[in-house]
Enquirer: 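One structure is given below, represented as structure tokens, and several questions about it will come after.
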Amino acid sequence: MTEQKPLPSGFGAKTTAEEVLAGCDLRGKVAIVTGGHGGLGLETTRVLSNAGATVITGSRDPKKAQAAVAITKNVEVGQLDLASPSSIDRFAVEFLKSNRALDLLINNAGLMAAPLMRDARGYEMQFATNHLGHFQLTARLWEALKKSGEARVVTLSSRGHSFGEVDFSDPNFNTRPYDKWKSYGQSKSANSLFSVELDKRGREYGIRAFAAHPGAILTELTRYITEEELKAFGVNRENGVLKLPERFKNVGQGAATTIWCAVSPQLNGKGGVYCEDCDIAAAVPADSKLFTGVRPWAVDKAAAEALWDLSAKLTSVSIPDRAAAGRSA
């Protein structure tokens with residue numbers, strides 16, 4: 001078990017992904033990055049590729065993705081819609097056909113503060129895309145992760161987890177009023193809890209899991225956020241130019257924690273923790289007003305197991321090693 005507290009790593013909020021990867025040789029390693037063709041995902045794909053890894057990026061629009069990664073070496077593109085179970089299965093089957101081990105799975109894609117939308121199953125879209133889609137994808141790629149022997153699964157969470165915990169009685173907003181920020185917060189809490197339980201179930205196979213908060217960055221992820229909401233976050237527009245608070249990061253800095261979780265030797269033998277600013281985050285009280293730290297409901301072990309069971313029920317998919325996971329916990 002890994003304690004939820006800073007190491008400290010020696011890195012910080014302004015560390016870039018390239019700095020984290022300095023001197024790291026990833027030749028022979030295979031990575032999958034969901035949404036790896038835009039924003040933080042594209043930077044993640046770029047630096048992993050530059051370090052020698054083969055990167056497969058999953059995208060709803062493969063043509064758009066192919067154009068985005070055209071100048072990046074060692075990159076493959078596959079069609080992947082995380083709100084579509086059949087699309088997830090096709091993507092996983094295509095990868096498994098290659099008989100390759102999967103060393104890194106970066107669950108990067110997602111929605112933020114979207115209006116109420118539902119997938120074909122009737123599931124609320126942020127929960128379905130940000131969490132359930134990645135839960136199913138990870139389960140379908142389980143054998144390839146096991147084949148690596150030292151795989152890492154990094155799932156992007158967010159400070160948004162502080163906006164709300166998982167509502168196990170109504171995760172899809174079927175009866176409670178929809179609030180796009182509570183929905184986003186629930187999905188980001190779920191991303192963290194998923195990492196806690198996945199690490200418990202995977203560590204005997206050399207599979208370690210981490211939740212990564214990239215920090216505050218303006219990317220396409222903010223497309224549903226209004227000008228008024230941006231102002232509430234301290235972002236102002238002057239003469240058509242956005243002025244960002246000091247705590248905001250660029251994409252290189254934003255991708256750094258993902259990369260640190262994916263490759264840092266400082267995390268060898270560790271897992272099941274929420275990370276930020278290229279370090280394990282501090283645990284903070286539920287009512288903390290800090291922009292940093294992880295709230296207790298996002299790393300609660302009982303909630304993590306309950307979410308796993310709920311997710312398996314909602315997707316009709318699970319990893320077939322539950323009994324072994326229970327014995328090893």
Side-chain angles (χ1 to χ4, degrees), residues 16-18 20-21 24 26-112 128-142 144-145 148 151-157 191 209-210 212 214 217 219-221 223 251-252 254-263:
T16 67
E18 287 188 336
V20 170
L21 266 174
C24 186
L26 298 181
R27 285 176 294 182
K29 299 294 186 182
V30 176
I32 288 177
V33 182
T34 66
H37 62 286
L40 295 179
L42 180 58
E43 179 69 359
T44 300
T45 296
R46 186 186 71 82
V47 297
L48 289 174
S49 168
N50 285 347
T54 296
V55 183
I56 300 95
T57 178
S59 170
R60 286 181 300 166
D61 186 343
K63 289 185 178 179
K64 178 181 177 181
Q66 195 66 61
V69 301
I71 62 173
T72 308
K73 59 186 178 181
N74 308 323
V75 178
E76 304 168 18
V77 174
Q79 199 282 332
L80 175 64
D81 181 351
L82 288 164
S84 168
S86 60
S87 174
I88 295 168
D89 285 351
R90 284 194 299 270
F91 179 86
V93 166
E94 283 302 309
F95 179 80
L96 294 173
K97 282 181 181 178
S98 71
N99 202 35
R100 289 178 288 185
L102 179 58
D103 302 294
L104 303 173
L105 173 57
I106 312 296
N107 292 323
N108 166 84
L111 294 172
M112 179 180 182
T129 301
N130 297 355
H131 169 60
L132 292 177
H134 285 125
F135 175 88
Q136 179 178 341
L137 178 65
T138 305
R140 294 306 196 203
L141 293 170
W142 187 246
L145 290 165
S148 167
R152 292 190 188 180
V153 179
V154 183
T155 302
L156 268 68
S157 183
N191 291 149
F210 303 88
I217 310 106
T219 67
E220 289 182 2
L221 191 66
R223 61 186 175 275
V251 291
T257 300
T258 298
I259 296 298
W260 184 74
C261 290
V263 305

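Note: hydrogens, waters and symmetry copies are ignored here, and every other heavy atom, side chains too, is used.
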Enquirer: Taking all atoms of both residues into account, what is the closest heavy-atom pair of Thr44 and Ala255, and its distance?
Expert: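 Looking at all heavy atoms of both residues, the closest pair is OG1-CB, 3.8 Å.
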Enquirer: Measure the CG-CG distance between Asn74 and Asn50 for me, rounded to the nearest 0.5 Å.
Expert: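 Reported to 0.5 Å precision, the distance equals 9.0 Å.
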Enquirer: Sequence neighbours excluded, which residues qualify as salt bridge (Lys or Arg N to Asp or Glu O under 4.0 Å) partners of Asp89?
Expert: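 In terms of salt bridge (Lys or Arg N to Asp or Glu O under 4.0 Å), with neighbours along the sequence ignored, Asp89 is linked to Arg140.
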Enquirer: Return the set of residues passing salt bridge (Lys or Arg N to Asp or Glu O under 4.0 Å) with Arg152 (not counting sequence neighbours), or none when no residue passes.
Expert: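 For Arg152 there are no salt bridge (Lys or Arg N to Asp or Glu O under 4.0 Å) partners, ignoring immediate neighbours.
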Enquirer: On a heavy-atom basis, which atom in Ala144 and which in Phe95 lie closest, and how many Å separate them?
Expert: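 Of all heavy-atom pairs spanning Ala144 and Phe95, the closest is CB-CE2, 3.7 Å.
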Enquirer: Under the rule for salt bridge (Lys or Arg N to Asp or Glu O under 4.0 Å), what residues qualify as partners of Lys97, not counting sequence neighbours?
Expert: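 Only Glu94 meet the salt bridge (Lys or Arg N to Asp or Glu O under 4.0 Å) criterion with Lys97.
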Enquirer: Under the rule for salt bridge (Lys or Arg N to Asp or Glu O under 4.0 Å), what residues qualify as partners of Arg90, not counting sequence neighbours?
Expert: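 Listed in chain order: nothing, the list is empty.
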Enquirer: Does anything in residues 32-49 form a salt bridge (charged side-chain N to carboxylate O under 4.0 Å, His left out)? List the pairs, not counting sequence neighbours.
Expert: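 Residue pairs passing salt bridge (charged side-chain N to carboxylate O under 4.0 Å, His left out), neighbours aside: Glu18-Arg46, Glu43-Arg46.
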Enquirer: Backbone N or O of Gly252 within a donor-acceptor pair of the Thr16 side chain at under 3.5 Å?
Expert: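 Looks like no, no N/O pair under 3.5 Å.
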Enquirer: What salt bridge (charged side-chain N to carboxylate O under 4.0 Å, His left out) pairs are there with at least one residue in residues 75-86, not counting sequence neighbours?
Expert: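 Sorted pair list: Glu76-Arg100.
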Enquirer: Quick one: CZ on Phe91 to OG1 on Thr34, what's the gap to the nearest 0.5 Å?
Expert: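 It is 8.5 Å, given to the nearest 0.5 Å.
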Enquirer: With sequence neighbours excluded, tell me which residues meet side chain to side chain contact (heavy atoms under 4.5 Å, CB included) with Leu42.
Expert: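 Result, side chain to side chain contact (heavy atoms under 4.5 Å, CB included) vs Leu42: Val69.
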Enquirer: Checking Ser49 side chain against Thr45 main chain: does a donor-acceptor pair fall under 3.5 Å?
Expert: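 Such a contact is absent between Ser49 side chain and Thr45 backbone.
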Enquirer: Checking Asn108 side chain against Leu156 main chain: does a donor-acceptor pair fall under 3.5 Å?
Expert: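 Side chain of Asn108 to backbone of Leu156: no pair is present.
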Enquirer: Could you tell me the separation between the CG atom of Leu48 and the CD1 atom of Ile259, rounded to the nearest 0.5 Å?
Expert: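 Going from the CG atom of Leu48 to the CD1 atom of Ile259 covers 4.0 Å.
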Enquirer: side-chain hydrogen bond (donor to acceptor under 3.5 Å, both in side chains) with Thr155: which residues, sequence neighbours excluded?
Expert: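 Applying side-chain hydrogen bond (donor to acceptor under 3.5 Å, both in side chains) to Thr155 gives Asn107.
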Enquirer: Holding to side-chain hydrogen bond (donor to acceptor under 3.5 Å, both in side chains), I want the full list of residues that pass it with Asn191, two or more places apart in sequence or in another chain.
Expert: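 With neighbours one apart ignored, the set is Lys188.
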Enquirer: Name all residues meeting the side chain to side chain contact (heavy atoms under 4.5 Å, CB included) criterion together with Ala212; count only those two or more places apart in sequence or in a different chain, and write none if there are none.
Expert: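 Ala212 satisfies side chain to side chain contact (heavy atoms under 4.5 Å, CB included) with Val154, Thr257, Thr258, Cys261 once adjacent residues are dropped.
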Enquirer: Measure the shortest side-chain to side-chain distance between Leu105 and Leu137 over non-hydrogen atoms and say whether it is less than 4.5 angstrom.
Expert: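 Of all side-chain heavy-atom pairs linking Leu137 with Leu105, at least one is under 4.5 Å.
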Enquirer: Of all residues at least two apart in sequence or in a different chain, which pass the side chain to side chain contact (heavy atoms under 4.5 Å, CB included) check with Ser59?
Expert: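 By the side chain to side chain contact (heavy atoms under 4.5 Å, CB included) rule, Ser59 matches His37, Asp61, Ala65.
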Enquirer: So Leu102 and Ile56, do their side chains get closer than 4.5 Å, heavy atoms only?
Expert: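 A side-chain contact is absent here, since even the closest heavy-atom pair is not under 4.5 Å.
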Enquirer: Closest approach of Ala109 and Leu82, non-hydrogen atoms and distance?
Expert: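 In this case the closest contact between Ala109 and Leu82 is CB-CD1, 3.7 Å.
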Enquirer: If you round to the nearest 0.5 Å, how far is CD1 of Ile106 from CG of Leu40?
Expert: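 The CG atom of Leu40 sits 12.0 Å away from the CD1 atom of Ile106.
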Enquirer: Could you grab the distance from atom OG of Ser84 to atom CZ of Arg60, nearest 0.5 Å is fine?
Expert: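 Taking OG in Ser84 and CZ in Arg60, the distance rounds to 11.0 Å.
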Enquirer: Given the rule in the side chain to side chain contact (heavy atoms under 4.5 Å, CB included) test, do Val263 and Leu104 qualify, once you have shown the distances and angles that lead to the verdict?
Expert: CA-CA 9 Å; Val263 305; Leu104 303 173; 4.2 Å; yes
Enquirer: For Asp103, which residues count as a side chain to side chain contact (heavy atoms under 4.5 Å, CB included) partner, sequence neighbours excluded?
Expert: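 If we apply the side chain to side chain contact (heavy atoms under 4.5 Å, CB included) test to Asp103, skipping adjacent residues, the hits are Lys29, Val30, Ser148.
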